Amino acid sequence: MKILVINTGSSSIKYQLFDMDRDSAMVIGLVEKIGEKNSILTHKTIDQNGDGKEKVETSHIADHTKGLARIVELLTDPEYGVIRDKSEITAVGHRVVHGGEQFKSSTVINEKVLKTVKDNIPLAPLHNPPNLTGIEVAKTIFPGAPQVAVFDTAFHQSIPQKAYLYALPYDLYLKNRVRRYGFHGTSHAYVTVEAAKFMGISRDKFNLITIHLGNGASMTAVKNGRSFDTSMGLTPLEGLVMGTRSGDVDPALPFFLARNLDMDLKDIDQLLNKESGIKGFCGINDMREVEDRARAGDERAKTALDVYAYRIKKYIGAYYAALGRLDAIVFTAGIGENSPLIRSMCCKDLQELGIKIDEDKNRERRKDERDISATDSRIRILVIPTNEEKRIARETKRVIEHIN
Ligand code: AMP
């Protein structure tokens, strides 16, 4: 079975074609700068040994329809293709950012689902509209294939009310759906499943804290295999320090900025979402470079790392208390998978809680799933590479098998 996974942004389409018999991607690609004169398409094939060919082309791709049509041409190309005809694609899985309270799991897309995703645009004004475009375009290009929506918010729909409600006038929740939703659910769910397999623990008895540290960052307390609390909220701004987002701040900060710096809503939005976090300290948000600067003695970079890791450590404590019993901590995404320094700082001096890293294992440069905890650490500390596209492909397969 072949499944095409699509993640559509306002000017981009990320895609992967999966061979579900192998549970792995045959093609990984990206169309960027859609609508611009020089759109870029990068298309890579991957064979069973992990080898393959890459094609990069620059041309004008006017819109998403043209982009997806070109992707299909390449998927069926005699040199860079892996299938003979698009009819070999059984289904298309879409990343959809916001499913609101309506979607607790992935679903086959029909008119009612499309309407609900549209209704959720106020909750994700930057993401749901391009996701909808991707679905409309894929429907025209693959009219016979089921389309499945996999929501970033769905994994967190199991969070109890005491964790998702803000202490605000209750009508704001009832009438305007103001509550914590959480994001990165596809990643937190994927590493939960993989970590359970890695440890040989039944998922429904597995308590863990998943720490997704990419350019965006979030943590989830997972109780009995289900999300119990998560650090992002109504929007992805809440929680951890991120590449360019502040994470948690005093909610009165916007009043201060408006009164004293004469900033308007747009300025404050830009400041908190795009100019803060690691970038706010260092002017850059690439963690590799920040670590290099800190090693070279840059005080601002050291401060950025301290604030970044301290926030994560505080959430580890909070989520440990929320869960009561903890089996594992899982690091994932760009920084979580690749930065021994950040992992070490987050777990430093937590041995009293049963959390102790083996620094030799932590420093090993590896790409696979691994246990980096000391032998006397009561709680396992794991590094599990995330794969959101694979989760979307697996979910798509599960959903269409269920309807057939
Ligand atoms: P993602 O959004 O998951 O692609 O993660 C992007 C972040 O991962 C960027 O801040 C990168 O600098 C960071 N990253 C990637 N490799 C490393 C590494 N070896 N050490 C530290 N940070 C890294």
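Read the numbers this way: they start at 1 and go in the same order the structure lists the ligands and their atoms. Heavy-atom basis, side chains included; hydrogens, waters and symmetry copies ignored. Every value quoted in this text rests on a predicted model; they were computed, and no experiment measured them.
Taking a distance limit of 4.0 Å, we find that atom 8 (O) of ligand 1 is approached by some protein heavy atom.
By the 3.5 Å distance cut-off applied to N or O atoms, Asn215 is counted among the residues near ligand 1. At a 3.5 angstrom cut-off on N or O pairs, Gly334 counts as close to ligand 1. Considering backbone and side-chain N/O atoms, Asp286 comes within less than 3.5 Å of an N/O atom of ligand 1. Between Met287 and ligand 1, a contact under 3.5 Å exists for at least one N or O pair.
Atoms of ligand 1 lying under 4.0 Å from any heavy atom of Asn285, numbered from 1 in the order shown and given with element: 10 (O). Close approach of ligand 1 to Ser339 is summarised as follows: ligand atoms under 4.0 Å from at least one heavy atom of the residue are 21 (C).
Looking only at protein heavy atoms, the nearest one to atom 13 (C) of ligand 1 is Ile335 CG1, 3.5 Å. Of all protein heavy atoms, the one lying nearest to atom 1 (P) of ligand 1 is Gly214 CA, 3.7 Å. Considering only non-hydrogen protein atoms, atom 23 (C) of ligand 1 sits nearest to Arg288 CG, 3.7 Å.
If you check the side chains of Gln270 and Asp267, you find no donor sitting under 3.5 Å from an acceptor. A donor-acceptor contact closer than 3.5 angstrom is absent between the side chains of Ser11 and Glu36. Between Thr133 and His64, the side chains place no donor N or O within less than 3.5 Å of an acceptor N or O (distance only, hydrogens not considered). For the residue pair Glu238 and Tyr166, a side-chain donor N or O sits within less than 3.5 Å of a side-chain acceptor on the partner. Side-chain atoms of His156 and Ser227 include a donor-acceptor pair closer than 3.5 Å.
Heavy atoms of Leu341 stay at 4.0 angstrom or farther from ligand 1.
Residue Glu291 touches ligand 1 through its side chain alone, judged by heavy-atom distances below 4.0 Å. Contacts between Leu213 and ligand 1 below 4.0 angstrom, taking non-hydrogen atoms only, are absent altogether.
Of the candidates Arg343, Arg366, Arg365, Lys367, Lys367 is the only one forming a side-chain hydrogen bond (donor to acceptor under 3.5 Å, both in side chains) with Asn338.
Residue pairs meeting the ring-ring contact (aromatic ring centres under 6.0 Å, His included) criterion with at least one partner in residues 91-125, sequence neighbours excluded, are His98-Tyr181, His98-Phe183, Phe103-Phe151.
A salt bridge links Arg95 with Asp152: at least one charged nitrogen is closer than 4.0 Å to a carboxylate oxygen. The residues Arg295 and Asp292 are annotated as salt-bridged, a charged nitrogen and a carboxylate oxygen being separated by less than 4.0 angstrom.
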